[in-house]
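What follows is a short report on a single structure.
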There are 2 protein chains.
Amino acid sequence: MAKKQSSEVTRDLLRAHDLRPTRQRMALAKLLFPKPGHKQHVTADALFAQATKAKTGVSLATVYNTLHQFTEAGLLREVSVSSATYFDTNTSPHHHVLDEDTGMLTDLKPGRLALTGIPRPPRGSQVTSVDVIVRMRKKA
Amino acid sequence: MAKKQSSEVTRDLLRAHDLRPTRQRMALAKLLFPKPGHKQHVTADALFAQATKAKTGVSLATVYNTLHQFTEAGLLREVSVSSATYFDTNTSPHHHVLDEDTGMLTDLKPGRLALTGIPRPPRGSQVTSVDVIVRMRKKA
DNA sequence: CAACAGTTTAGAGTTATTCTAATCTACATT
DNA sequence: AATGTAGATTAGAATAACTCTAAACTGTTG
Ligand SMILES: [Mn+2]
Ligand SMILES: [Mn+2]
Ligand SMILES: [Zn+2]
Ligand SMILES: [Zn+2]
């Protein structure tokens, strides 16, 4: 568990994204962004558990609301993997490897995997994201 | 709605995959594989609705059971897209475009999109699948 | 036509997530 | 600093997509 970022830094982060620095958002932001380079993949449930353990008074609904607001603000990226959604603090373009045995999601080193031939969207539409998930499992 | 494949062909298809040709499986197979080249993406719910409309007596549990059995048999391929799973009658390797406005899933012409640099799995593990989903949406 | 493994089913249970509508709070304004 | 209000939080109900259970049914084999 990394040391939490200072309140001032966190407050500025929220303000910079037009998010009111409420007690709940401050607490969740500190958990999500403990220090500049620290990237992680977190589910709503896991974050709620962390917040609860840290005695932060935050409801599950607020965790969901906040994750989505942070995502809209560009602070997070949503990655859907079958029946679980991960919120990724690494918002730069990259792809994922999913360990199907453990459910663990790992970043693929950027630049390693390359995609060519992504179709151009019809006019009026745009490509929202290109998600590549490499699924791995232990051999039978 | 394409004409259904004959019962004999459907029966043989099931037998060839060690699946007893029950009334329910016959009905669902005819809906899924109406004729040789006809590919589609179907959700459990949509298939259940089709079967119900066709006055086939099939329960939702059986639809799920059957879709998974067909998938295990290699007749279908499961494609997960956020909170919805599509079963694809096209089991050959290919990727998808998701229209986020309508939820419609479309095949990407194979050969068009290319991937390089897929990581080699650690010894003892294997790559189960590499899923690429290009998400598109109407411009704001 | 047994006999039994395999199959189906209604309905309850689960899990992840969203919704509602009442309550609260950050902060701009006075 | 007190006030007004848009924005935020919350408990709990609701929804959606499955999965499970255990009892009833059926395709196949002998
Ligand atoms: Mn979401
Ligand atoms: Mn499945
Ligand atoms: Zn990531
Ligand atoms: Zn497809």
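Keep in mind that the numbers below use all heavy atoms, side chains included, and drop hydrogens, waters and symmetry copies. First the proteins, then the strands, lettered A, B, ... as listed; each starts at 1.
- At least one donor-acceptor pair closer than 3.5 Å links the side chain of His41(A) to the backbone N or O of Leu105(A).
- Under a 3.5 Å cut-off, the side chain of Arg135(A) and the backbone N or O of Ser129(B) do not form any donor-acceptor pair.
- Checked against the 6.0 Å centroid criterion, the rings of Phe87(B) and His68(B) qualify as a close aromatic pair.
- Scanning all heavy atoms of the two residues, the minimum distance from His95(B) to Asp131(B) falls at ND1-C, 4.4 Å.
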Under 3.5 Å, which donor-acceptor pairs do the side chains of residues 54-61 of chain A form with other protein atoms, sequence neighbours left out?
residue, atom, partner, partner atom, Å
Thr56(A), OG1, Ala51(A), O, 3.4
Ser59(A), OG, Thr62(A), N, 3.2
Ser59(A), OG, Thr62(A), OG1, 3.1

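- Panel note: side chain Arg25(A), backbone Arg20(A); a donor-acceptor pair is recorded below 3.5 Å.
- Whole-Å rounding puts the Phe48(A) CZ to dT17(C) P distance at 13 Å.
- Computed from coordinates, the His17(B) NE2 to dG6(C) C1' distance equals 19 Å when rounded to whole Å.
- For Tyr64(B) and dC20(D), the OH to P distance is 13 Å, given to the nearest whole Å.
- The distance from atom CG of Leu47(A) to atom P of dA16(C) is 15 Å, rounded to the nearest whole Å.
- Protein atom CD of Glu72(B) is 14 Å distant from nucleotide atom C1' of dG6(C), rounded to whole Å.
- The phosphate of dT17(C) has OP1 or OP2 within less than 4.0 Å of a side-chain N or O from Thr85(A).
- Contact of the Leu67(B) side chain with the Leu76(B) side chain is registered, since non-hydrogen atoms from C-beta on lie closer than 4.5 Å.
- Fit an axis to the five pairs at each end of the helix from dC1(C)-dG30(D) to dT30(C)-dA1(D) and the two axes sit 20° apart, to the nearest 10 degrees.
- Counting any heavy atom pair closer than 4.0 Å across all strands shown, Arg15(A) reaches sugar-phosphate atoms only and no base atom.
- In terms of modelled atom types and a separation under 3.5 Å, the side chain of His94(B) and the main chain of Asp107(B) share no donor-acceptor contact.
- Proximity of a side-chain donor or acceptor of Thr89(B) to a complementary backbone N or O of Gln40(B) within less than 3.5 Å is detected.
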List every contact pair, protein side and nucleotides 7-10 of chain C side both N or O, where the distance is under 3.5 Å.
residue, atom, partner, partner atom, Å
dT7(C), OP1, Arg25(B), NH2, 2.3
dT8(C), OP1, Thr22(B), OG1, 2.5
dT8(C), O3', Gln24(B), NE2, 2.7
dT9(C), OP1, Gln24(B), NE2, 3.3
dT9(C), OP1, Gly57(B), O, 3.0
dT9(C), OP2, Ser59(B), N, 3.0
dT9(C), OP2, Ser59(B), OG, 3.2
dT9(C), OP2, Thr62(B), OG1, 2.5

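- Here the P atom of nucleotide dT25(C) and the CE atom of Met26(A) are 16 Å apart, to the nearest Å.
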